[in-house]
Amino acid sequence: MSDSRYTPPKVWEPKESGGKFASINRPVAGPTHEKALPVGKHPFQLYSLATPNGVKAGVMFEELLALGKDAEYDAWLINIGEGDQFGSGFVEVNPNSKIPALMDYSGDKPLRVFESGSILLHLAEKFGAFLPSDTATRVETLNWLFWQMGSAPYLGGGFGHFYAYAPEKLEYPIDRFTMETKRQLDVLDRRLAESRYLAGDEYTIADIANWSWYGQLALGRLYDAAEFLQVESYTHVQRWAKEIDARPAVQRGRMVNRTFGEPSSQLHERHDASDFDTRTQDKLGG
Ligand SMILES: N[C@@H](CCC(=O)N[C@@H](CS)C(=O)NCC(=O)O)C(=O)O
């Protein structure tokens, strides 16, 4: 175990902590600068980035459109590394300054929707899709949706932070959050051993939410940790992750507001279905 010599003072004071996201971390909320958000022509305005939480929203919109729903949307890039989430317009949509955030102009009055689980639930209810109507399956869908929302911070903010982003590799937190991440993968593996999708036979918002984190982790896309976590050993998670990954709407949704990876996989802004063919970074030369 590493030797930690830190003794907390009586009162905590902020200081430079290092690590990948140190420059955007603050101990207070609220905006840092005035900046209005852009608004496009569609009823839904998504402000996001293709992190696992952001991917959920892009996938949901593309799934709804694939079903033939009237869910056209503009997706605007929020660059969290540059502090866009602290602009005054963004904070009005999400006082928590995190992506994804959504404005829904489709009803009588504009609605702000923040928290990725809330976005999935709102859209599922609005369009009557990916949330089964029979009570038992609906409850099971919400069980796994809320399980994801409560569990993934241990994966992202815990394991991912200490394994990939902290300024030094510390054995105690890496061990602690690896243990929990593997336990969570096993929770999913056992459920998916008995069920095709998380809530039963139907693909739901619970799958979209969980796939974005645990499916992508199992496919080796998060933190370069596939071997360390032995993700191949979760065979039912693997089967489920690959099946969802093959869905055309998921492949499109992953590209929305993506600023990393192959240029052909990055669609920084999405305003029209044709953008996937014409406005990826390889085509724009960015
Ligand atoms: N519980 C939130 C978490 C969202 C979240 O943590 N978003 C991260 C990116 S994955 C973010 O915007 N971070 C910017 C920051 O912390 O300043 C949700 O599911 O929407």
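One-based numbering, in listed order, for ligands and for the atoms of each. Every value quoted in this text rests on a predicted model; they were computed, and no experiment measured them.
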* Look at atom 3 (C) of ligand 1 and say which protein heavy atom is nearest, naming residue and atom and giving the distance to 0.1 Å. => Asn53 ND2, 3.5 Å
* Asked: Are Gln238 and His236 close enough that a side-chain donor and a side-chain acceptor fall under 3.5 Å?
  -> no
* **The single option from Phe130, Tyr203, Trp144, Trp211 passing ring pair (Phe, Tyr, Trp, His ring centres under 6.0 Å) against Tyr197** => Tyr203
* Asked: With side chains defined as the heavy atoms from C-beta onward, is the minimum distance between Glu262 and Gln281 less than 4.5 Å?
  -> no
* To do: Would you mind running through ligand 1 and noting each atom that sits below 4.0 Å from a heavy atom of Ile24?
  => 17 (O)
* To do: Return the set of residues passing side-chain hydrogen bond (donor to acceptor under 3.5 Å, both in side chains) with Ser274 (not counting sequence neighbours), or none when no residue passes.
  => Asp272
* To do: Go through ligand 1 atom by atom and flag the ones less than 4.0 Å from a non-hydrogen atom of Pro100.
  => 20 (O)
* Asked: Any idea which atoms of ligand 1 are less than 4.0 Å away from a heavy-atom of Phe86?
  -> 17 (O)
* Polar atom proximity, Thr51 to ligand 1 (N or O, under 3.5 Å) -> no
* Could you check atom 16 (O) of ligand 1 against the protein and tell me its nearest heavy-atom contact, residue, atom and distance included? => Lys98 NZ, 2.6 Å
* Which heavy atom of the protein is the closest neighbour of atom 4 (C) of ligand 1, given with residue, atom name and distance? -> Ile99 O, 3.2 Å
* Got the closest protein heavy atom to atom 14 (C) of ligand 1, with its distance? -> Gln85 NE2, 3.5 Å
* To do: Starting from the C-alpha separation in whole Å, work towards a yes-or-no answer on salt bridge (charged side-chain N to carboxylate O under 4.0 Å, His left out) for Lys126 and Asp104.
  => CA-CA 11 Å; Lys126 177 157 197 111; Asp104 175 353; 3.7 Å; yes
* Can you tell me which residue and heavy atom of the protein come closest to atom 19 (O) of ligand 1, and the distance to 0.1 Å? -> Ser116 OG, 2.6 Å
* Asked: Donor-acceptor pair, Asp245 side chain versus Ala241 backbone, under 3.5 Å?
  -> no
* Give a yes or no answer on whether the side chain of Glu72 reaches the backbone of His42 with a donor-acceptor pair at less than 3.5 Å. => no
* Tell me which protein heavy atom sits closest to atom 1 (N) of ligand 1, plus the residue, atom name and distance to 0.1 Å. => Glu115 OE1, 2.7 Å
